[in-house]
Student: 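Mind looking over this structure? Questions follow.
Quick caveat: nothing in here was measured; it's all calculated off a predicted structure. Atoms within a ligand are numbered from 1 in the order they appear, just like the ligands themselves.
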Amino acid sequence: MKWLFLPAKPDFVPDKITLLPDNIANQIAAGEVIQRPASAVKELLENAVDAGATEIRLIISDAGKALVQVIDNGSGMSETDARMCFERHATSKIRQIEDLFHIRTMGFRGEALASIAAVAQVELKTKRAEDSTGTFIEVDNSMVRRQEPVAIPDGTSIAMKNLFFNVPARRNFLKSNAAEMRHILDEFTRVAMSFPEIHFSLTANNQQLFHLEAGSLKQRIVQLLGSNYNAKLVTVKEETDYLNIYGFVGKPDTAKKTRGDQYFFVNNRFIRSAYLNHAVMNAYQQMIPAESYPMYVLFIDLDPAVVDVNVHPTKQEIKFEDEKIIYAFVQAAVKHALAQFSVTPTLDFNLDASIQHLPSIQQPFTDEKKTAVAAGSIFRGFTQKNQAHLIEPGEGSREFGDGSLVTGVGRREFNAPIASQPSSPGTASSPFSAETEISQLLNTYICLPWQNGFLLLHQQSAHERVLYEQMQAASKERPVATQRSMFPSTMELTPADAAIMEEIMEDLKYLGYIIEPFGQHTYVIQGTPADVEAGNDKHIIDILLEQYKHFSPEVKFSRREKLIRSLARQQSIKAGTRLTEREMRQLVQDLFACAAPNITPDGNPTFLEFKKEQLERMFGR
Ligand code: ADP
Ligand code: MG
């Protein structure tokens, strides 16, 4: 009963948290907030940021399945607030509808802690600077189990233990530790990137993965994404009355083969936007090869009244009042940056002209305008769909754990005016004999007669299908033959890539790659498939990791499936490669020996069929 002897409370400081009235609560984009350990990581880190912390520690064990803990030195909570914070719609961040248009905090819905407390065991310790003692509260299944005073430093520690302990079905949907860890690293990276002035650390299973001292954005980027970006960042910085943009883009030679290091933050919130991504890609036009992806970390700051962050449960998608301006602005700012650093000396372009002439930028942002905005798109954003407790599609679907593929998954309809896909010319009806004429066009297509017309194969797509089926067979039957390297090379990976490596190492072995751990985040490539050219094994693994990431959002694929797809894509003969007649014949033969010769693993056609009568018709015959 030690709390009977506590010193009297010093000067009264009011509690902060209130329950949102129903009319506001009902307008908030509700959703399943906690889907996996990484969702809790995001919410808890954001709460610590909102609490004004200057130092935030994240502690993980068992990929967050056993523990996600965030310790901060922020404002802390009063005893009453410490109990209140677990109520649904309990928040200190908004009070009235108008507040929704001035949101500067990461959170505002008052849902995260309630959601966490519903699906895990939670221990909260918190203390305000103005209080002499802190509060300890234990909650699980949404019930307070214990509460007592505790002596702790100012700030808050929230530990979420045994996620989904009371919802075994959801616990079973969690992925491998490596996969869940990767999600955690993604969330950690996004928050840490957005607040370089805050000291962050991440410890997983007692191993410190990150220790990020407060510093500049550039330092933070290099710490998080790797020092190879060090001399490769170009500053972006433009300011107008309507919005500011700042950050860095990678010099064109840092562009990667798959989408990777690309970050947009709007008012410090990480967002996904295919539209704005397109704006950046546009700025790089003709500076980077097709199908490569430049690095960027861009912050867009603008009046919260012209963005709606309330359209998506995890707030990763937002709506701009006027997307077109933002697009033009992003594109212009990136072009300008690239030009200024004489990355593209010939670029004939003037930022001020193209930006300052945009109508919305010329018009001052008046109060009338603000009111109009509030009455417009943002209110319209509160649609019915956002009210339901929705689980994002795909999240609940199961992986095919055995590596099997449901044929046709992801198959895309395509529109070819005169061409059509032959049903499925299997081996039996193979169009092919040693005498058939065969020719290559544009170093990309293979043309051969077929029935009453001809087929046009895409060599890269066709080869991708062939390799894909060969590797699938190999991974099911017996491992691919490996050649041991005489001089094994070592690779040092970023923590995020190392997490992927841990995930795929076993499966890689089946496909002929022997990779062994060699100290923290370092791996030795001991062997590669016998038919892979010696010497560039490191490069191959690099690309593999890149491509593997590219597939990661696609939950429907098993690990092995993703790996095989990446390898097939990587090792396929590229468009633009000249082929000998023998190679062409081999490829055609291999293709029609496939189970599904007419599509790539992604569902694109591997060949098109042109019928003579269609051609005749087109010639008016
Ligand atoms: P929201 O962040 O949307 O307000 P949460 O459920 O995440 O909702 O948190 C509820 C409330 O609990 C917050 O509004 C804040 O007042 C308080 N809170 C949560 N985490 C912390 C923290 N680390 N430090 C101080 N207060 C916190
Ligand atoms: Mg929150």
Side-chain angles (χ1 to χ4, degrees), residues 13-21 24-25 27-35 38-59 68-96 99-100 102-120 122-131 134-137 139 142 144 150 152-160 187 190-191 194-195 198-200 267-270 304 309-310 312-316 386:
V13 181
D15 304 317
K16 289 197 273 198
I17 303 181
T18 53
L19 286 185
L20 290 175
I24 303 187
Q27 295 203 347
I28 281 178
E32 202 62 45
V33 184
I34 305 302
Q35 292 168 335
S39 337
V41 166
K42 170 178 191 285
E43 297 295 338
L44 297 179
L45 289 176
E46 289 187 348
N47 278 348
V49 169
D50 284 345
T54 55
E55 185 176 343
I56 300 176
R57 287 187 283 157
L58 171 62
I59 299 166
V68 171
Q69 182 175 18
V70 171
I71 305 174
D72 68 56
N73 63 352
S75 64
M77 283 179 265
S78 71
E79 188 189 329
T80 316
D81 283 351
R83 280 188 79 109
M84 268 298 266
C85 71
F86 293 110
E87 298 289 331
R88 199 161 286 282
H89 304 308
T91 182
S92 56
K93 300 170 194 173
I94 59 173
R95 263 154 216 255
Q96 42 192 355
D99 296 342
L100 277 171
H102 309 286
I103 290 167
R104 287 268 172 210
T105 49
M106 296 289 109
F108 59 86
R109 296 178 179 147
E111 281 197 301
L113 293 183
S115 308
I116 291 174
V119 292
V122 182
E123 288 175 20
L124 163 69
K125 288 181 206 159
T126 188
K127 180 184 163 307
R128 302 184 298 181
E130 53 268 35
D131 298 335
T135 307
F136 171 79
I137 292 186
V139 185
S142 302
V144 176
V150 62
I152 47 158
D154 299 344
T156 301
S157 154
I158 301 189
M160 177 187 87
E187 295 296 354
R190 292 165 189 166
V191 180
S194 180
F195 297 96
I198 300 178
H199 177 167
F200 283 91
N267 292 344
N268 277 329
R269 191 188 299 286
F270 171 81
V309 291
N310 191 25
H312 187 260
T314 64
K315 313 179 196 111
Q316 281 196 358
N386 295 323

Student: Any side-chain heavy atom of N47 within less than 4.5 Å of one from L113?
Tutor: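 Yes - at least one pair of side-chain heavy atoms lies under 4.5 Å apart.
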Student: Return a yes/no value for E43: is any of its N or O atoms, backbone included, closer than 3.5 angstrom to an N or O of ligand 1?
Tutor: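 No; the residue has no nitrogen or oxygen that sits under 3.5 Å from a nitrogen or oxygen of the ligand.
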Student: Spell out, as yes or no, whether a donor-acceptor pair under 3.5 Å connects the side chain of R269 to the backbone of M106.
Tutor: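 Present.
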Student: Please work out which of N47, I56, T105 has its closest non-hydrogen atom nearest to atom 20 (N) of ligand 1.
Tutor: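 It is N47 that holds the nearest heavy atom.
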Student: Between G76, G52, S92, C85, flag the one that comes closest to atom 12 (O) of ligand 1 by a heavy atom.
Tutor: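 Closest candidate by heavy-atom distance is C85.
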Student: I'd like to know if the side chain of D72 and the backbone of A51 have a donor-acceptor N/O pair within less than 3.5 Å.
Tutor: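 The answer is no, because no donor-acceptor pair under 3.5 Å joins these two groups.
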Student: Short question: side chain of D81, backbone of K16 - any donor-acceptor pair under 3.5 Å?
Tutor: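 Indeed, once roles are kept as given, a pair shorter than 3.5 Å links the two residues.
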Student: Do ligand 1 and A112 have nitrogen or oxygen atoms that lie under 3.5 Å from each other?
Tutor: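 Between A112 and ligand 1 (N or O atoms, distance only) the closest approach is under 3.5 Å.
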Student: Short list, please: which atoms of ligand 1 are under 4.0 Å from a heavy atom of E111?
Tutor: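 Going through ligand 1 atom by atom, the ones under 4.0 Å from E111 are 6 (O), 8 (O).
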Student: If we set the cut-off at 4.0 Å for heavy atoms, which region of D72 has an atom near ligand 1: side chain, backbone, both, or neither?
Tutor: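 Answer for D72: side chain.
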Student: Measure the CD-CZ distance between E46 and R190 for me, rounded to the nearest 0.5 Å.
Tutor: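 If we round to the nearest 0.5 Å, E46:CD and R190:CZ are 10.5 Å apart.
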Student: According to side chain to side chain donor-acceptor pair (under 3.5 Å), who are the partners of E87, at least two apart in sequence or on a separate chain?
Tutor: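 Per chain and number, E87 pairs via side chain to side chain donor-acceptor pair (under 3.5 Å) with no residue.
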Student: May I have the list of side-chain donor-acceptor pairs in residues 153-160 shorter than 3.5 Å, sequence neighbours left out?
Tutor:
from, atom 1, to, atom 2, distance (Å)
D154, OD1, K127, NZ, 2.5
T156, OG1, T126, OG1, 2.9
S157, OG, Q69, NE2, 2.9

Student: Give the numbers and elements of all ligand 1 atoms closer than 4.0 Å to a heavy atom of G107.
Tutor: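 Per the distance check, 2 (O), 3 (O).
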Student: Going by the atom numbers of ligand 1, which of them fall below 4.0 Å from some non-hydrogen atom of I17?
Tutor: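 Near I17, the atoms of ligand 1 are 11 (C), 12 (O), 16 (O), 17 (C).
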Student: Less than 3.5 Å between some nitrogen or oxygen of S75 and one of ligand 1, yes or no?
Tutor: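 No, since none of the N or O atoms of S75 sits under 3.5 Å from an N or O of ligand 1.
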Student: Any idea which heavy atoms bring I17 and T91 closest together, and the distance?
Tutor: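 Nearest heavy atoms, I17 then T91: CG2-N, 3.5 Å.
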Student: Would N47 count as a contact for the Mg ion (ligand 2), in the sense that one of its N, O or S atoms lies under 2.8 Å from it?
Tutor: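 Yes, N47 qualifies, because one of its backbone or side-chain N, O or S atoms lies under 2.8 Å.
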Student: Distance under 4.0 Å to a non-hydrogen atom of A90: what atoms of ligand 1 satisfy this?
Tutor: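 By the 4.0 Å cutoff, the relevant atoms are 10 (C), 11 (C).
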Student: Quick one: which ligand 1 atoms are inside 4.0 Å of a heavy atom on T91?
Tutor: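 Per the distance check, 1 (P), 4 (O), 14 (O).
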Student: Any idea which of I116, L113, T126, T156 brings a heavy atom closest to atom 6 (O) of ligand 1?
Tutor: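 Looking at heavy atoms only, L113 sits closest to atom 6 (O) of ligand 1.
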Student: So, S78 and D131: side-chain donor and acceptor under 3.5 Å apart, yes or no?
Tutor: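 Result is no, nothing qualifies.
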